[in-house]
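A short write-up of the structure that comes next.
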Amino acid sequence: MNPNESYHIPVLLNESIEGLAIKEDGTYVDVTFGGGGHSRAILSKLGENGRLYAFDQDADAANNRIDDPRFTLIQQNFKFIKQYLRFYKVAQVDGVLGDFGVSSHQFDIAERGFSTRFDGALDMRMDRQSALSAQEVVNDYNETDLATLFYTYGELKNARAIARAIVSFRENQPITLGSELQEALKPLLPKHKENKLLAQIYQAIRIEVNGEITALEQFLLQLPEVVKVGGRISLISYHSLEDRCVKRFIRDGQLEGTPEKDWYGNVKVPFKKVGGLIVPTENEINNNNRARSAKLRIAERVASS
């Protein structure tokens, strides 16, 4: 095992790399560097003239920086992909890989506040320089806004009751720790299903704190400009909100509204899907439980008609 796999075990590694159809002298982007597992696999297929740019907004990821003249780590959110590639005088690339969601490292460090397993401070910021943390969300958002985010990002039918429980609890004391949030929610946690519901609640707060869906949407809409004709995108999602965005973008070339059609009624899209949906094997899930919800979609940039 690579030492950096303790930071994050790369999911669907072979499948996502194969999906890029890497050219030895190509230029590629890994927009979710993390422990560098996917990046190292890309570099192993590049020749001396190949280039790899990686993005990660979490400062901890810089500890995994790869010492390779072909590699550049950009410590920014991937929603700025086009801006930073232009900064490095890169107009277009041959492929983009994204492994969205939270890294194992972020889940496993108690003080980051991402996991229900630890009683750490409610933080959940991927970029710890950001102003908004989970504490501000649970203590400052009103009941309506909390209910909206739990319904939208957690897909929770009892979102209003969850919001009401949080607002009622914080009237007596601020909610600063995971244990306090879980205490506030205790009356709503069904026996034997507590972990599943808590995971959905934490997911909703985390997505809000990090603006994850907005960042994903902004990133996707830049891909037609960033990726060369014939280039590939290989994108791994972990929950239905992410996967719906990726699926719709590949299918329609946009995220809302009616897709543009040509004179013959065919949808005009910048990418065509390559193969079908790819999910982890039972063996991978057994070796890495966090792979269980992963979904990989691959697409190729096509010429505009």
**Asked** Would you say Val93 and Val229 are hydrophobically clustered, going by side-chain heavy atoms of ILVMFWY under 4.5 Å?
**Response** no
What closest approach, in Å, do [X] and [Y] show between heavy atoms, and which atom pair accounts for it?
X: Gln135; Y: Thr176; value: NE2-O, 3.3 Å
X: Lys23; Y: Tyr28; value: N-OH, 2.7 Å
X: Ala294; Y: Pro280; value: O-CD, 3.3 Å

**Request:** Tell me who clusters with Val279, hydrophobic residues only, linked when side chains sit under 4.5 Å apart either directly or through other members.
**Result:** Leu277
**Message:** Aromatic contact between Phe219 and Phe249, with the criterion being ring centroids under 6.0 Å apart: yes or no?
**Reply:** no
**Prompt:** Taking only residues two or more places apart in sequence, or in another chain, which ones meet Phe87 in a ring-ring contact (aromatic ring centres under 6.0 Å, His included)?
**Reply:**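 In terms of ring-ring contact (aromatic ring centres under 6.0 Å, His included), with neighbours along the sequence ignored, Phe87 is linked to no residue.
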**Asked** With respect to Lys247, which candidate in Arg297, Glu242, Lys295, Lys273 satisfies the side-chain contact (heavy atoms from CB on, under 4.5 Å) definition?
**Response** Arg297
**Item:** From Ile236, Leu216, Asp243, residue fulfilling side-chain contact (heavy atoms from CB on, under 4.5 Å) relative to Phe100
**Value:**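 Passing option: Leu216.
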**Prompt:** Do Arg51's NZ or CZ and the ring of Tyr53 fall within the cation-pi criteria of under 6.0 Å and 45°?
**Reply:**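 So Arg51 does make the cation-pi contact.
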**Prompt:** In terms of side-chain heavy atoms, does Glu136 have a donor or acceptor partner in Ser133 at a distance below 3.5 Å?
**Reply:**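 Their side chains do contain a donor-acceptor pair, which is all the 3.5 Å distance test asks for.
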**Prompt:** Charged N to carboxylate O under 4.0 angstrom, Asp123 versus Arg128?
**Reply:** no
